[in-house]
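A short write-up of the structure that comes next.
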Protein chains: 2
Amino acid sequence: MLDFDTARQIVDREMDKLRFDRTPEALYEPVKYILSLGGKRMRPALGLMACSLFNQAVHLAIKPALAIELFHNFTLIHDDIIDQSSVRRGQPAVHEKWDTNAAILSGDVMAILSYQVLADVEESQLKEIFQLFNQMALQVCEGQQLDINFEDRTDVDVNEYLKMIELKTAVLIASSLKAGALAGGAEMLDADLLYEFGRNLGIAFQLQDDYLDVFGDPGKTGKKIGNDILSNKKTFLLIKALELAKGNTRKELLKLIKGKNANPKDKIRDVINIYLSLQLDEISNELADSHYSRAIMYLDRVNIPGESKKPLADFAEFMINRDH
Amino acid sequence: MLDFDTARQIVDREMDKLRFDRTPEALYEPVKYILSLGGKRMRPALGLMACSLFNQAVHLAIKPALAIELFHNFTLIHDDIIDQSSVRRGQPAVHEKWDTNAAILSGDVMAILSYQVLADVEESQLKEIFQLFNQMALQVCEGQQLDINFEDRTDVDVNEYLKMIELKTAVLIASSLKAGALAGGAEMLDADLLYEFGRNLGIAFQLQDDYLDVFGDPGKTGKKIGNDILSNKKTFLLIKALELAKGNTRKELLKLIKGKNANPKDKIRDVINIYLSLQLDEISNELADSHYSRAIMYLDRVNIPGESKKPLADFAEFMINRDH
């Protein structure tokens, strides 16, 4: 079975083969730009790894894998407009480098390009994978909408949060795995088990992302600490803090969220102190661990010898223990 | 064969059956809203009419027809943001009624919904129609980008303009007809002839749209005269005027375009006078007529008895002679 690095190399090579040489150039330049910024390419690599469990001919899984990677990058372009994020992968976001209109329209064309790649899936599997892709695509938008809805609320509960990250983040990982498995000829039961593996892993991944924003080492993550704190983003940590904090701690937390003129450094320090007093670092890690364990349980049930599944298990372990 | 009104009734009924009851509601409300504003539903009706040339079972063409209508409405949502148009079908545009972020994300989800409907096309025809749809969708974005590119230019020529409206408007009509024909079991040659019929008809349609903005009767079009003039939109009339006007007329026209503080009524009156002095009303009608004639020529060549094609010919004649 493929390991992650090998799968990633195949993905990089295949991504490089994609040509965006249609015109007008102004429409396609942002597409090339966002892809040039790289990224982990985790989703397509997982798709190829899933395929390789069932079939040595991993090229069968390349089209759905690339389609999902293109779709993911399209959502980044539009999300950065919506979230007013000016930086993406350390470089200017598309709407900063060009403008909002260019980002809207180039994002649209990128979504269509993802479907154009998808249309090249083997005809016998096209309908199934097309429907899986559509379901995933709708859910990603729904997750983004929930995230927006959360902005104006202080009563979001943990279950709502988990649903949001499932939709916005985890279904992409889950669907990559399932599409790859189906492309490789897996039985539906095994494909669904890999979906559940990916769904739980994706949730653990996002919880870890939230954690690293607050407790990560900037030297390793390459990002400043506390971006989510400054933007009052409804991460697991903030939502759980709002649930657990009582009395004066709660008052202070609400004041920190609502305070508009606070010194950024002070705000980050004070919020982190509240998080630590509530032991949210441990609570967050425990929740991520429980999703990781559930992911591994689903992977174990896939009807393939354990040794073959080791690269996926290794990747999951790497993800949950990552410090960047 | 189906006439337009009957096809339109079927389309309306089938559109009403579409359920957008996923959550969160905030994401799907704008989708329902834009569809509630109606519209001519010309594209899906033409798709059903094309299918009925080859097959009485017009339900075969419903999925691609509805998919194209959904896609068309998605583009309206995003175009209205990009063009800063605050009114759509006499009502507030989505980004006005909600906000830009809602319009971006609801537009995205509507594009995906169009693909979700498309995925229900008969499996034997799915790949062909999916690829046709993707090509159309890319071209519509490309047309919109060309339209944006034209804004800052005064040297757009007529051929560039015709290419832009072909991409932005005509390929949707052409693809509706072709997809309907394919769904009805047409030979590729006949489907392609209907595509060319639609492509030329679509160009004539847009030229007529440009004409009505300037020379139409507001009592019939329901729109104020001269919107395109006020926004300096690069319509056929303005592009051709910039080509034909010499000496003082050209100077005056350029001054009118560049003048920022002109009284709107005066500007419209002065530009119309230049158009009339250059006989652009006649030139525009002649060009639309030539595309209409070409459309009919392609329709004539479709390998179906002439009588059966009469409803499509009637519709084309109605379109070219419309005063609203």
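To find a chain, count down the sequence lines: A is the first, B the second, and so on, and within it residues start at 1.
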Task: A/Phe133 side, atom CZ; B/Gln116 side, atom CD - distance, nearest 0.5 Å - done: 13.0 Å
Task: From A/Lys127 atom NZ to B/Glu122 atom CD, the distance as rounded to the nearest 0.5 Å - done: 7.0 Å
Open item on the list: Give the interface residues of residues 92-114 of chain A toward chain B, defined by a heavy-atom separation under 4.5 Å.
Closed with: A/Asn101, A/Ile104, A/Leu105, A/Asp108, A/Val109, A/Ile112, A/Leu113
Task: Residues of residues 140-170 of chain A near chain B, each having a heavy atom less than 4.5 Å away - done: A/Cys141, A/Glu142, A/Gln144, A/Gln145, A/Leu146, A/Ile148, A/Asn149
Task: Residues, nucleotides or ligands: over 12 heavy atoms within 6.0 Å of A/Gln84 CD - done: no
Open item on the list: Counting only heavy atoms from other residues, nucleotides and ligands, does the tally under 6.0 Å from CD of B/Glu187 exceed 12?
Closed with: no
Task: Side chain, backbone, both or neither of B/Tyr28 within contact of chain A (heavy atoms, under 4.5 Å) - done: side chain
Open item on the list: Check the orientation of A/Tyr115 and B/Tyr115. Use parallel for under 30°, tilted for 30 to 60°, and perpendicular for over 60°.
Closed with: parallel
Open item on the list: The test is side chain to side chain contact (heavy atoms under 4.5 Å, CB included); show your working for B/Glu128 and A/Glu123 and say whether it passes.
Closed with: CA-CA 10 Å; B/Glu128 188 106 61; A/Glu123 200 154 358; over 6 Å; no
